Amino acid sequence: GYLGRAGDVTGGWLHTGDLGVLDAGGHLTIRGRKKDLIVTADGRKVFPDDVELVLEKIDGLREAAVVGRDRVHAVLVVAPGADIEAIVRAANGRLEEHQRVRGYSLWPGARLPRTEATQKLKRAAIQAWLDGGAAPGVFLILPPAAFSTRQSATAAAATKMSAGRAPWHASSISRAV
């Protein structure tokens, strides 16, 4: 909690790290956490929660976490046999240009890491895994050509993953797949 943390109060405002907007009626809407905000290379701001809400409405996706420093990267938990490329394409079709998923990875477990009490995503742990700091298993880096094959390399990788084998990692996508 914030009780007794007077150092976080400036000018009568308690600095929680939440970012929000006031509407015309003076109502505050929380958009996300400052520490989670992704600022793209061209300076546009992306709230991960906005992208996750779109992703999680796509059939075949169980969970999603959006992380990144200067581009949107989705870490996904998918149902066995799900078409990962189709999931990303569908989401990108519903997102603004600056919010579109530019890279994605399959999480090696059945669930993304969350806090015990509130079940919030542990984005720092997910980003550390993505950066290789806590990467379990072996990664297969897929070249751009893998996205155009008839038998999708990602589908084959997802099948291996659902069988308990090593996870795969798509290093980059420069357009909607």
Side-chain angles (χ1 to χ4, degrees), residues 16-23 27-115 118-135 139 141-142 144 146-147 152-155 157-158 161-162 167-177:
T16 63
D18 294 312
L19 297 173
V21 294
L22 291 173
D23 65 17
H27 298 97
L28 176 65
T29 301
I30 303 295
R31 296 293 313 274
R33 305 281 295 167
K34 184 177 181 180
K35 67 180 182 180
D36 298 334
L37 186 67
I38 299 167
V39 180
T40 64
D42 63 352
R44 310 247 354 237
K45 294 177 175 69
V46 178
F47 290 96
D49 293 345
D50 294 345
V51 179
E52 290 163 2
L53 286 173
V54 171
L55 278 164
E56 290 177 351
K57 290 179 183 175
I58 310 291
D59 288 336
L61 185 69
R62 291 187 174 159
E63 285 189 289
V66 172
V67 296
R69 291 186 179 83
D70 63 354
R71 67 188 192 115
V72 177
H73 191 97
V75 178
L76 310 171
V77 176
V78 298
D83 185 342
I84 297 111
E85 294 170 25
I87 290 169
V88 172
R89 256 193 322 273
N92 281 348
R94 298 174 189 171
L95 293 164
E96 297 292 325
E97 173 64 29
H98 69 285
Q99 296 176 311
R100 291 185 182 150
V101 175
R102 306 296 179 190
Y104 58 92
S105 304
L106 276 180
W107 184 255
R111 288 204 62 210
L112 292 168
R114 296 180 178 272
T115 61
T118 61
Q119 291 298 299
K120 291 181 182 175
L121 288 169
K122 291 184 175 181
R123 292 185 197 280
I126 294 166
Q127 184 67 56
W129 171 79
L130 198 58
D131 292 342
F139 288 94
I141 304 299
L142 300 176
F147 298 113
S152 165
T154 54
M161 188 182 135
S162 65
W168 64 274
H169 172 80
S171 60
S172 66
I173 300 170
S174 57
R175 59 184 165 80
V177 287

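Just so you know, these numbers come straight off a predicted model, no measurement behind them. Side-chain atoms are counted along with the backbone in the values below, which use heavy atoms only and exclude waters and symmetry mates. Heads up: numbering here begins at 1 and tracks the sequence.
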If you look at every heavy atom in [X] and [Y], which pair is closest and at what distance?
X    : Y    : result
L37  : V46  : CD1-O, 3.4 Å
R94  : V54  : CB-CG1, 3.8 Å
S105 : L130 : OG-CD1, 3.3 Å
P48  : D36  : CG-O, 3.1 Å
V77  : A110 : CG1-O, 3.4 Å
I58  : A91  : CD1-N, 4.0 Å

As a quick check of understanding, evaluate side chain to side chain contact (heavy atoms under 4.5 Å, CB included) for L19 and F47, giving each step before the final call.
CA-CA 10 Å; L19 297 173; F47 290 96; 3.9 Å; yes
Give the intermediate values and the outcome of side chain to side chain contact (heavy atoms under 4.5 Å, CB included) for residues L121 and E52.
CA-CA 11 Å; L121 288 169; E52 290 163 2; 3.7 Å; yes
For N92, does its backbone N or O pair with a side-chain atom of R100 as donor and acceptor, under 3.5 Å?
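Answer holds: yes.
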Treating R71 as the side-chain partner and R102 as the backbone partner, does any N or O pair qualify as donor plus acceptor under 3.5 Å?
yes
If you define the side chain from C-beta out and look only at heavy atoms, does anything of [X] sit under 4.5 Å from [Y]?
X    : Y   : result
W129 : V75 : yes
D131 : R69 : yes
T40  : D70 : no

Go through it in stages, so that I can follow the logic: the residues are H73 and I126, the test is side chain to side chain contact (heavy atoms under 4.5 Å, CB included), and I'd like the CA-CA distance, side-chain angles, deciding distance and then a yes or no.
CA-CA 11 Å; H73 191 97; I126 294 166; over 6 Å; no
Just how far is it from atom CD1 of I84 to atom CG of L76, taken to the nearest 0.5 Å?
7.5 Å
Keeping to residues at least two apart or across chains, list the salt bridge (Lys or Arg N to Asp or Glu O under 4.0 Å) pairs with something in residues 40-49.
D49-R123
Counting only heavy atoms from other residues, nucleotides and ligands, does the tally under 6.0 Å from CD of E56 exceed 12?
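Yes, CD of E56 has more than 12 neighbouring heavy atoms, counting only those of other groups under 6.0 Å.
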Got more than 12 heavy atoms from elsewhere within 6.0 Å of CG, D59?
no
Passing candidate, side-chain contact (heavy atoms from CB on, under 4.5 Å) with V72, options V66, L95, V67
V66
Which residues pass the salt bridge (charged side-chain N to carboxylate O under 4.0 Å, His left out) test with R114, sequence neighbours left out?
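Scan of R114 (salt bridge (charged side-chain N to carboxylate O under 4.0 Å, His left out), adjacent residues dropped) gives E63.
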